[in-house]
Chemist: 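Please read through the structure below; I'll follow up with questions.
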Amino acid sequence: MPPVKPEPQARDDPLRNHVERARSGDAGALEDLVRALRDDVYGLAVRMLWDPHDAEDATQEILVKVITRLDGFRGDSALRTWAYRIAVNHLLSTRRRRVERQRWTFDAFADDLAAGLDRHGPAEPAGPAEALLAEEVKVGCTLGMLQCLDRPQRVAYILGEVFQLPSETGAAMCSITPAAYRKRLSRARAKVRAFVAEHCGIVNADAPCRCTRRVGAAVRAGRIDPAAPTFVGHPRLAAPPPITAAVAEMEDLHDAAALFRSHPDFATPERVTEAVVKVVARRAPTLLEDP
């Protein structure tokens, strides 16, 4: 399931009371807001940046912006939508992170897949340990595909296809018109569908790539540490649907987003919340003083 929660009407927003209390100096309300928003922001940041450590840094930066700008929240929309606008703007304009600096394209990604493929290896995992590493490859690979999109198309694809938000909501979060958002999403969707249809063996039985056949090369290249995998060992909010179930729900081969919707909902590390509260306390102590 996508991490974004359904948006209530602005007047029914359950977080409005927390906003007012935080504005008046209630430290508990401020921390409650951070906890309420952190997983949405972190889920977007991981998908935008690939690396969980970079996502942690970006999440902290975004949440500090959200909390220190509460005086600018007018309540015209739900707080989550307002916070997402800040998150999207930050992720579109922030410095390039380590994976982005590699400047992946779909052509280069296809070449990398081919170079790291053991074509004579098993098509299916031999046991639980192999299945775990194959899952690590799957999540890392599909998140890597997103890096082949430019930032505006990437965020539109995540909001529209992965989180399945209505175009009006996605457009508001991106601060563009619904028509511009739909065009951006359509272009991103076409690129991802074409790549997956040609290369991904999960959804196309004729495609050569299988996750198990990439494990060996990924381990040798240092992209996967079997003792400490990046994604399958990450704390999560809930178990994702099995990839086979996600693919079975596809109406046709081209619903590539089922791959991305099969990802786990990663839980935000607790240290992010602690760091945000400390930073805000230093920058805007009046927010944390008892009234």
Side-chain angles (χ1 to χ4, degrees), residues 1-3 39 42-56 59 97-99 102 104 109-110 112-148 158 161-163 192 195-196 199-205 207-250 255-272:
M1 295 295 292
D39 291 326
Y42 185 69
L44 175 62
V46 166
R47 290 164 173 84
M48 282 292 292
L49 302 175
W50 190 92
D51 185 276
H53 298 294
D54 288 339
E56 281 188 40
T59 299
R97 310 292 171 139
R98 67 195 78 186
V99 176
Q102 298 179 39
W104 284 103
F109 201 78
D112 186 76
L113 288 179
L117 185 65
D118 178 6
R119 294 178 180 270
H120 302 292
E124 299 294 334
E130 292 80 5
L132 198 69
L133 294 179
E135 177 69 9
E136 178 78 2
V137 167
K138 188 263 290 185
V139 176
C141 180
T142 49
L143 287 177
M145 290 180 203
L146 293 176
Q147 295 297 309
C148 300
I158 294 167
E161 287 287 272
V162 182
F163 294 170
V192 173
F195 185 86
V196 168
H199 297 285
C200 183
I202 293 175
V203 297
N204 179 4
C209 194
R210 298 291 186 279
C211 298
T212 51
R213 292 174 178 169
R214 286 186 46 77
V215 169
V219 171
R220 289 191 296 273
R223 294 178 177 177
I224 292 179
D225 179 355
T230 298
F231 299 110
V232 297
H234 195 293
R236 54 189 65 188
L237 299 175
I243 184 61
T244 51
V247 174
E249 292 175 357
M250 294 191 300
D255 187 8
L259 278 172
F260 302 90
R261 291 194 292 268
S262 74
H263 288 177
D265 291 343
F266 299 115
T268 313
E270 185 64 28
R271 57 182 171 268
V272 173

Chemist: Where is the tightest heavy-atom contact between Glu136 and Phe231, given as atom of each residue plus distance?
Modeler: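 So the two residues come closest at OE1-N, 3.0 Å.
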Chemist: So, do Arg47 and Leu143 sit near enough that their side-chain heavy atoms are less than 4.5 Å apart?
Modeler: yes
Chemist: In sequence, state the C-alpha distance, the side-chain angles, and the governing distance for Asp51 and Arg97, and then conclude on side chain to side chain contact (heavy atoms under 4.5 Å, CB included).
Modeler: CA-CA 9 Å; Asp51 185 276; Arg97 310 292 171 139; over 6 Å; no
Chemist: May I have the step-by-step check of side chain to side chain contact (heavy atoms under 4.5 Å, CB included) for Val219 and Val215, ending in yes or no?
Modeler: CA-CA 6 Å; Val219 171; Val215 169; 4.2 Å; yes
Chemist: Nearest 0.5 Å, please: how far is OG1 in Thr230 from CG in Asp225?
Modeler: 8.0 Å
Chemist: Compare every heavy atom of His263 with every heavy atom of Leu259, then report the nearest pair and how far apart it is.
Modeler: O-CD2, 3.6 Å
Chemist: Check ring-ring contact (aromatic ring centres under 6.0 Å, His included) between His234 and all other residues, then give those that pass, not counting sequence neighbours.
Modeler: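 Tyr42, Phe266.
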Chemist: Which atom pair, heavy atoms only, marks the closest approach of Arg214 to Val137?
Modeler: CB-CG1, 4.0 Å
Chemist: What verdict does the side chain to side chain contact (heavy atoms under 4.5 Å, CB included) test give for Cys200 and Thr142, after you've listed the backbone C-alpha separation in whole Å, the side-chain angles of each residue and the deciding distance to 0.1 Å?
Modeler: CA-CA 10 Å; Cys200 183; Thr142 49; 6.0 Å; no
Chemist: Indicate the atoms forming the closest heavy-atom contact of Arg213 with Pro208, along with that distance.
Modeler: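 Here Arg213 and Pro208 meet closest at NH1-O, 3.7 Å.
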Chemist: Checking Gln147 now: which residues fulfil side-chain hydrogen bond (donor to acceptor under 3.5 Å, both in side chains) with it, not counting sequence neighbours?
Modeler: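 Testing Gln147 for side-chain hydrogen bond (donor to acceptor under 3.5 Å, both in side chains), a comparison that skips the adjacent residues, returns none.
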Chemist: Which pair of heavy atoms, one from Leu117 and one from Cys209, lies closest together, and at what distance?
Modeler: CD1-CA, 4.0 Å
Chemist: Using side chain to side chain contact (heavy atoms under 4.5 Å, CB included), reason through Val192 and Glu161 one step at a time and then give a plain yes or no.
Modeler: CA-CA 11 Å; Val192 173; Glu161 287 287 272; over 6 Å; no
Chemist: Give a yes or no answer on whether the side chain of Arg210 reaches the backbone of Asp118 with a donor-acceptor pair at less than 3.5 Å.
Modeler: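 Side chain of Arg210 to backbone of Asp118, a donor-acceptor pair under 3.5 Å: no, none is there.
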Chemist: Would you check if Ser262 and Lys138 make a side-chain contact, meaning some heavy-atom pair closer than 4.5 Å?
Modeler: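 They are in side-chain contact.
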Chemist: Using a 3.5 Å distance criterion without hydrogens, assess whether the side chain of Trp50 forms a donor-acceptor pair with backbone atoms of Gly140.
Modeler: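 At least one qualifying donor-acceptor pair exists.
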Chemist: Can you name the residues that form a ring-ring contact (aromatic ring centres under 6.0 Å, His included) with Phe195, not counting sequence neighbours?
Modeler: Phe106, Phe109, His199
Chemist: For Ile202 and Cys211, which heavy atoms make the closest approach, and how far apart are they?
Modeler: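 For Ile202 versus Cys211, the nearest heavy atoms are CD1-SG, 3.9 Å.
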Chemist: Could you check if a side-chain atom of Asp265 sits within less than 4.5 angstrom of a side-chain atom of Asp39, using non-hydrogen atoms only?
Modeler: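 No, their side chains stay 4.5 Å or more apart.
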